[in-house]
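Below is one structure, written out as C-alpha cells; the observations come after it.
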Amino acid sequence: MTNQQPAEFPAPDRIEQLRSGLAAVEQRIEAACAAAGRARSEVSLIVVTKTYPASDTRLLASLGVREVAENRDQDAAPKAAECADLPLTWHFVGQLQTNKVRSVVRYAHHVHSVDRERLVTALADAVSKAERPPLGCLVQVALEKEKAAAEAGEPSEGRAGVAPEDVLALADRIADTPGLRLDGVMTVAPLTGTLAADPAAAFARLAEIATAVRAAHPAATMVSAGMSGDLEQAIAAGATHVRVGTAVLGARSRLG
C-alpha cells in the first residue's frame with residue numbers, strides 16, 4: 001500500500017501558491033482603491049476558478065475566499081456540488097445557453113451574463129420550478145456594439161452582450177420578472193470597436209451605463225468589470241466586483 005495521493009489532490013505547496021497569488025492581487029486592489037480615493041471595502045474580489053479543480057476551490061475557501069466564478073456549466077455544476085458544504089457565493093460569468101439554465105439555477109447566486117429576453121424568461125421559469133430564492137442578474141454589456149461605433153463602420157462582432165443603448169430595456173425586463181433580481185451590469189474590455197485596447201475608456205463608458213441603470217433601479221449597484229490584466233482601470237472607473245483568475249491561481253492544466 002502506498003501513500004500516493006489522487007491526481008486531483010493539490011500538491012503540498014499549492015496552498016502557498018494560492019496564498020501568494022491572493023496576497024499579490026489584494027495588494028493591487030488596495031493600491032487601486034487608494035489611487036481612486038475609494039475604500040477597499042467598496043470592491044469585492046471574485047476568484048474565477050474555471051479550468052481549476054475543486055481542490056483549489058476548497059483551498060481558496062480555507063484562505064478566506066467567499067466569492068468564486070465559473071463560466072461553463074459542465075465544469076461548474078459538479079464543482080459546486082462537491083463544494084456545497086463551503087460558505088461560498090457562486091457567480092456564473094460565461095455565455096449561458098437556455099438549455100443549461102435549469103442546471104445553473106441550482107447553484108448560482110448571480111448570473112453576470114444576461115444578454116437577451118429569452119434568457120430572462122428561461123431563468124425565471126427555472127427559478128420558479130426550483131423553488132429557490134430570487135436569482136441575482138447582471139446585464140452583460142457589449143461595448144463593441146455601441147451605436148456610434150457601428151455608425152462609424154466599426155465591426156460589431158466580439159464578446160457576447162447587449163448593445164449599450166439596449167441595456168435599460170433589458171434591465172427593466174429583469175426587474176419586472178418574478179424570481180429574478182436586477183443586481184447591476186457587467187462587461188469585459190472589448191476586443192473590437194472604438195474602445196478596443198483602451199480598458200480605462202471602456203470601463204468609464206460602463207460606469208456611465210451603470211449610473212443610468214441605478215437611476216431607474218437604485219438597488220442595482222453591482223458593476224462587474226476588470227480581470228487579471230485590467231483590474232486597476234476597472235476600479236478607477238468604479239467597479240464594485242473584479243473577476244480575477246490567472247493572477248490568483250496561476251497556470252494549471254485545463255479540466256477535460
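Note that the coordinates shown come from a computational prediction; the quantities given were computed from them, not determined experimentally. Just so it is clear, the values below take in all heavy atoms, side chains as well, and ignore hydrogens, waters and symmetry mates.
- The shortest side-chain heavy-atom distance between Leu138 and Val111 does not fall under the 4.5 Å cut-off.
- Taken from NE2 in His241 to CZ in Arg243, the straight-line distance is 11.0 Å, to the nearest 0.5 Å.
- The pair Asp75-Lys79 fails the salt-bridge criterion, with no side-chain N (NZ, NE, NH1 or NH2) lying under 4.0 Å from an Asp/Glu carboxylate O.
- In this structure, OG on Ser103 lies 3.5 Å from CG on Asp73, to the nearest 0.5 angstrom.
- With no hydrogens or angles considered, a side-chain donor-acceptor pair links His91 and His112 at under 3.5 Å.
- Using a 4.5 Å heavy-atom threshold, the side chains of Arg116 and Leu119 count as touching.
- Within the 4.5 Å cutoff, side-chain heavy atoms of Leu123 are placed close to those of Cys137.
- Just one of Val223, Ile235, Leu231 meets the side chain to side chain contact (heavy atoms under 4.5 Å, CB included) condition when paired with Val43; it is Ile235.
- The closest donor-acceptor contact from the side chain of Ser20 to the backbone of Glu16 lies at 3.5 Å or more, if one exists at all.
- For the residue pair Gly245 and Ser228, the shortest heavy atom distance occurs at N-OG, 3.7 Å.
- Remark: side-chain polar atoms of Asp176 are not paired, donor with acceptor, to backbone N or O of Arg173 under 3.5 angstrom.
- One distance of note links CD1 of Ile15 with CG of Leu59; it measures 5.0 Å at 0.5 Å rounding.
- In terms of heavy atoms, Ala212 sits closest to Leu168 at O-CD2, 3.8 Å.
- You'll find the side chain of Leu60 stays beyond 4.5 Å of the side chain of Tyr52, heavy atoms only.
- Ile46 contributes atom CD1, which lies 7.5 Å from atom NE2 of His110 (distance to the nearest 0.5 angstrom).
- Looking only at atom types and distance, the side chain of Thr89 has no donor-acceptor partner in the side chain of Arg66 under 3.5 Å away.
- Val93 and Leu96 are assigned to two separate hydrophobic clusters, defined by single-linkage of ILVMFWY side chains at heavy-atom distances under 4.5 Å.
- Remark: Arg40 does not engage Glu30 in a salt bridge, criterion side-chain N to carboxylate O under 4.0 Å.
- When side chains are defined from C-beta on, Glu67 counts as touching Ser44, because their heavy atoms get closer than 4.5 Å.
- A donor-acceptor pair shorter than 3.5 Å cannot be found between the side chains of Thr51 and Arg72.
- Atom CD of residue Glu82 and atom OG of residue Ser55 lie 8.0 Å apart, to the nearest 0.5 angstrom.
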_Could you go through Val162 and Val139, starting from their C-alpha distance and side-chain angles, then the distance that decides it, and tell me whether this counts as side chain to side chain contact (heavy atoms under 4.5 Å, CB included)?_
CA-CA 8 Å; Val162 63; Val139 178; 3.4 Å; yes
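- Of all heavy-atom pairs between Ala77 and Tyr107, the closest is CA-CE2, 3.7 Å.
- Between the side chains of Arg58 and Ser62, no donor N or O sits under 3.5 Å from an acceptor N or O.
- Contact check for Arg102 versus Lys129: no side-chain heavy atoms found under the 4.5 Å cut-off.
- Counting only heavy atoms from C-beta outward, the side chains of Leu22 and Leu45 approach each other to under 4.5 Å.
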*Walk me through it: do Glu117 and Leu170 pass the test side chain to side chain contact (heavy atoms under 4.5 Å, CB included)?*
CA-CA 7 Å; Glu117 287 202 8; Leu170 189 59; 4.1 Å; yes
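- Judged by distance alone, with hydrogens and angles left aside, the side-chain atoms of Asp198 form a donor-acceptor pair with the main-chain N or O of Ala201 at under 3.5 Å.
- Of all heavy-atom pairs spanning Ser224 and Leu206, the tightest one is O-CD2, 4.3 Å.
- For the pair Arg181/Leu135, no side-chain contact is recorded, criterion being any heavy-atom separation below 4.5 Å from C-beta on.
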*Can you check side chain to side chain contact (heavy atoms under 4.5 Å, CB included) on Asp230 and Gln233, steps first, answer last?*
CA-CA 6 Å; Asp230 53 23; Gln233 293 94 325; 3.7 Å; yes
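- Looking at Thr187 and Gln140, their side chains never bring a donor and an acceptor atom within 3.5 Å of each other.
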_Between Val48 and Asn71, does the side chain to side chain contact (heavy atoms under 4.5 Å, CB included) criterion hold? Intermediate values first, please._
CA-CA 8 Å; Val48 183; Asn71 76 331; over 6 Å; no
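- Annotation: the span from Phe92 atom CZ to Glu70 atom CD amounts to 8.5 Å, rounded to 0.5 Å.
- In terms of heavy-atom proximity, Phe203 sits nearest to Gly226 at CZ-N, 3.9 Å.
- Nearest heavy-atom pair across Asp183 and Gly136 is OD2-CA, 3.1 Å.
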